[in-house]
Amino acid sequence: MSLISQIQEQVLEGIREEYKLELSPNQVVINPTRKDVEGDLTLVVFPFVKMLKKSPQMIGEFIGEMLMNKLDLIDKYDLLGGFLNIHLKDGFWNERLRDIYQNEHFGVHPKTGKKILVEFSSPNTNKPLHLGHIRNILLGWSASKIAEAAGHEVIKTQIINDRGIAVCKSMLAWQKFSDGETPQSSGIKSDHFVGKYYVIFDQKLREEYGNWQDSAKAKEVYQSFKKEGEDIDKFFKRYKNNYFNEYSALGAEATTMLEAWEENDTEVRALWQKMNQWVYDGFESTYVNLGVNFDCLYYESDTYTLGKDIIEEGLSKSIFYKKEDGSVWIDLEDKKLDHKLVLRSNGTSVYMTQDIGTANKRFKDHGVDAMVYVVGDEQDYHFKVLFEILKAMDEPYTEGLYHLSYGMIDLPTGKMKSREGTVVDADDLMAEVIEEARLGAADRGILEELSVEEQNEVFSQIGMGALKYFILKVGPKKRMVFDPKDSVDMQGQTGPYIQNAVVRINSILRKLENWNFDLFQEYSEPLEAEKNLIKHIHQYPDLVLAADAERDPSILASFAYELAKDFHKFYHDVRIIKAESEMAKAYRVVLCTAVKDVLTKAMDLLGIEMPKRM
RNA sequence: GGUCUCGUAGCUCAGCUGGAUAGAGCAGCUCACUUCUAAUGAGCAGGUCUCAGGUUCGAAUCCUGACGGGAUCACCA
């Protein structure tokens, strides 16, 4: 039981005995004492004033005395206004430090027996990964690591959107315009190579569309479909998708190719496999550089027909209803959502159908207790509907469904738009931050004794640390602005700042010649700065649970920063190797080691590695 | 237009289920390396927490409304 809940219990019991009043733990508000006030924990007395009809002073005295008598770990208390500040005994903190130092599983919670599937990344196979994917991947990875630390078994997965009209666009463009060029022959990274043809398709389509706009047919279309007062340019901008479907030769070819794919045409399938393999090879190196991997994969080409049987089942149970045209719908008005299509009138699936089927398949495959979908917030509505449908179907896993929704990333110049070429490419971005780390290190010339390989490893750890921290420090739900200049920053609240704290500790431990662990026990009056660090570290296991419950890595990002900050200050103010006594030295070595271990663990849950030196 | 979401310092962000004087970083201005790594530390300056009501001992936090961003409302994925 955590310290705070232990005290809460005691307060409840005390009030029960004295006042015959039954309260719940969340009515007893206990916070860490604010920095500028003496004490360790603060109990807010105000809520009791009304309930007990006594003055804050009297209640505070009562609770303070009662806690002093019942709990051995309390040194003293004082009352400031309606706030009861509790001081814990130094011995208490020293014991905590020893526990933390000796427990290599500190912050790793006992197994819960729960199995969680986390889906993230889930790219389309027509273009390379970009900054948006990076946020998704970092969140998914971190949420997975946090869930593991919270004691759950985690299966990391992604659904690869490897089929559909977008994929056919790249394929068709390559077939028509490449002259047989390959990633090997062109020297372009293979996923970028495929992306290039996706862009080419769009260019050719636009050319074709532009020419068509001068035709008589186009004029006719404009006249009959334009909105009141809409000028011709605006109209054609809006009409592009219709053009693609109804008039475009390229559009027709792509659609034909999609149909051929669905009919298992050998040639089309062979092309599809070849180009998708290029994409997968490219993705793989991006994933390796990001330091992530998956336990299992789902492919949309396998799952896109799933779900129809469940729709049938739902129809027979009257969860869905059929319209006259044969299309199938669900009415979610009582859930404050509207009617939603789950099967087209021609009997084919929509996105929702697949997702229903895929959820069931995953449950059958893995028997999971929970499924987490890391998907951008533009799909909030989709997931609300999906989860409601699964609940209506009374699937056994619906309690554990969670949409880890995150906000889009904006650039300082505005939104990322693939059409306008403002999308930040994942590989380019990583190369940039690593290069920046290299330049920073070159200035300082501190890595010279390392081999080239070791140096490269460090550059990559620092650069990626900066990038990952920059993204993960922001709460997932928040739309964030990504300024490339700031993202390579390595000072202040950044990944490298935290890494640097650990590197400084490494340096101390390297230079340390002898010290005696037994003397640690004899250092009985720790400094405020030392107690501060212990208090800080002590919170870590609870924060892992909080980060898991909220599915919010930024909780740990803030924690690591605050701890590193306290350590940097401590390092500046207090001698460690040349401490005033052997006892103090032993104590501080233990403390530094604990700080280093906890920082390393917290950052590991964010997917950030610690360099040996920097 | 309906629904959802966000609005905190010049900029990027913290601020837990309501609690003490709203915090960091960046940018700006000072200062500190013969010391265990200055990718650091200390300081100055920077705020009507978008606005208006309400709930209460107490509101950046909860409720209502307005304003301003964003998302979404396809037999697209």
Side-chain angles (χ1 to χ4, degrees), chain A residues 26 29 31 33-37 42 44-47 49-50 56 80-83 85 124 161 163-166 241 245 300 304 323 325-329 336-338 340-346 348-352 354-355 376-382 384 405 407-408 410 412 415 437 440-441 443-444 446 462 466 470 473-475 477-483 485-487 489-501 503-512 543 546 550 552 554-555 557-558 561-562 565 568-579 588 592 613-614:
Chain A
N26 59 12
V29 180
N31 299 314
T33 303
R34 28 178 305 157
K35 274 194 167 161
D36 48 349
V37 178
T42 297
V44 186
V45 182
F46 292 113
V49 173
K50 218 173 207 175
L80 242 143
F83 299 92
N85 296 313
N124 296 319
N161 299 298
R163 48 141 259 131
I165 196 71
N241 220 20
N245 289 323
E300 198 203 347
Y304 82 109
K323 282 192 180 172
D325 62 7
S327 59
V328 181
W329 297 72
K336 293 201 153 188
L337 304 164
D338 51 18
K340 191 78 191 173
L341 177 91
V342 291
L343 208 60
R344 292 192 188 105
S345 53
N346 64 9
T348 56
S349 329
V350 288
Y351 191 34
M352 192 63 75
Q354 295 180 38
D355 273 1
D377 64 7
E378 77 266 7
Q379 294 198 36
D380 284 355
Y381 182 74
H382 174 80
K384 268 187 202 164
S405 165
M408 295 293 101
D410 291 320
K415 289 192 211 178
D443 278 351
R444 311 170 64 248
I446 210 158
I462 296 172
F470 186 76
K473 74 176 179 186
V474 182
K477 291 198 176 59
K478 203 148 182 166
R479 199 179 174 92
M480 69 175 289
V481 176
F482 184 91
D483 189 333
K485 278 205 306 290
D486 294 345
S487 73
D489 218 330
M490 306 198 180
Q491 262 124 41
Q493 191 181 2
T494 66
Y497 174 93
I498 299 163
Q499 290 172 325
N500 186 231
V503 164
R504 284 176 140 183
I505 295 171
N506 284 339
S507 178
I508 289 170
L509 297 179
R510 237 188 345 259
K511 291 192 175 152
L512 185 69
L543 291 178
E550 304 286 317
D552 181 357
S554 75
I555 293 173
S558 300
Y561 170 68
E562 296 291 336
K565 191 172 143 94
H568 278 305
K569 172 139 181 66
F570 172 72
Y571 177 90
H572 181 267
D573 293 344
V574 178
R575 303 296 85 194
I576 296 159
I577 292 180
K578 292 175 192 155
R588 287 172 196 158
C592 285
R613 304 184 182 205
M614 62 192 291

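What you see is a predicted model, and the numbers here were worked out from it, not measured in a lab. Values below: all heavy atoms of this structure, side chains included; hydrogens, waters and symmetry mates excluded.
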> How would you list, by chain and number, every residue that makes a side-chain hydrogen bond (donor to acceptor under 3.5 Å, both in side chains) with A/Tyr381, sequence neighbours excluded?
Replying inline: A/Asp338
>> Using a 4.0 Å heavy-atom cut-off, does A/Glu550 contact any base of the nucleic acid, only the sugar-phosphate backbone, or nothing at all?
In response: nothing
> If you measure from the P atom in B/rC76 to the same atom in B/rG68, how many Å do you get, rounded?
Replying inline: 35 Å
>> Need one value for A/Ala441: base, sugar-phosphate or nothing, where a base atom within 4.0 Å counts as base even if backbone is also close, heavy atoms only.
In response: base
> Contact class for A/Gly82 (heavy atom, under 4.0 Å): base, sugar-phosphate, or nothing?
Replying inline: nothing
>> With a 3.5 Å cut-off and heavy atoms only, can you find an N or O donor on one side and an acceptor on the other between the side chain of A/Ser554 and the base of B/rA14?
In response: no
>> Can you tell me if A/Arg588 touches the phosphate of B/rC36, counting only side-chain N or O atoms and a distance under 4.0 Å to OP1 or OP2?
In response: no
>> Suppose you measure atom P in B/rA60 against the same atom in B/rU8; what distance do you get, rounded to whole Å?
In response: 15 Å
>> Quick check on B/rA27: is either OP1 or OP2 less than 4.0 Å from any side-chain nitrogen or oxygen of A/Lys485?
In response: no
> When all nucleic acid strands are considered with a 4.0 Å heavy-atom cut-off, which category describes A/Thr494: base, sugar-phosphate, or nothing?
Replying inline: nothing
>> If you only use heavy atoms from C-beta on, which nucleotide in B/rA14, B/rA71, B/rU21 is closest to the side chain of A/Arg479?
In response: B/rA71
> Which part of the nucleic acid, if any, lies within contact of A/Asn85, taking any heavy atom under 4.0 Å across all strands shown: a base, the sugar-phosphate backbone alone, or nothing?
Replying inline: base
>> Just to be sure I understand the rule, does A/Val44 reach a base, reach only the sugar-phosphate, or reach nothing, if contact means heavy atoms closer than 4.0 Å?
In response: base
>> Mind checking if A/Ile462 touches a base, just sugar-phosphate, or nothing, with heavy atoms under 4.0 Å?
In response: base
> What does A/Tyr351 touch in the nucleic acid at a heavy-atom separation under 4.0 angstrom: a base, only the sugar-phosphate, or nothing?
Replying inline: base
>> Can you tell me if A/Lys415 touches the phosphate of B/rG70, counting only side-chain N or O atoms and a distance under 4.0 Å to OP1 or OP2?
In response: no
> Contact class for A/Pro47 vs. all strands (heavy atom < 4.0 Å): base, sugar-phosphate, or nothing?
Replying inline: base
> Looking for any heavy atom pair under 4.0 Å, which part of the strands does A/Phe470 touch: base, sugar-phosphate only, or nothing?
Replying inline: nothing
Listing time: all N or O pairs from protein to nucleotides 1-11 of chain B that are below 3.5 Å?
none

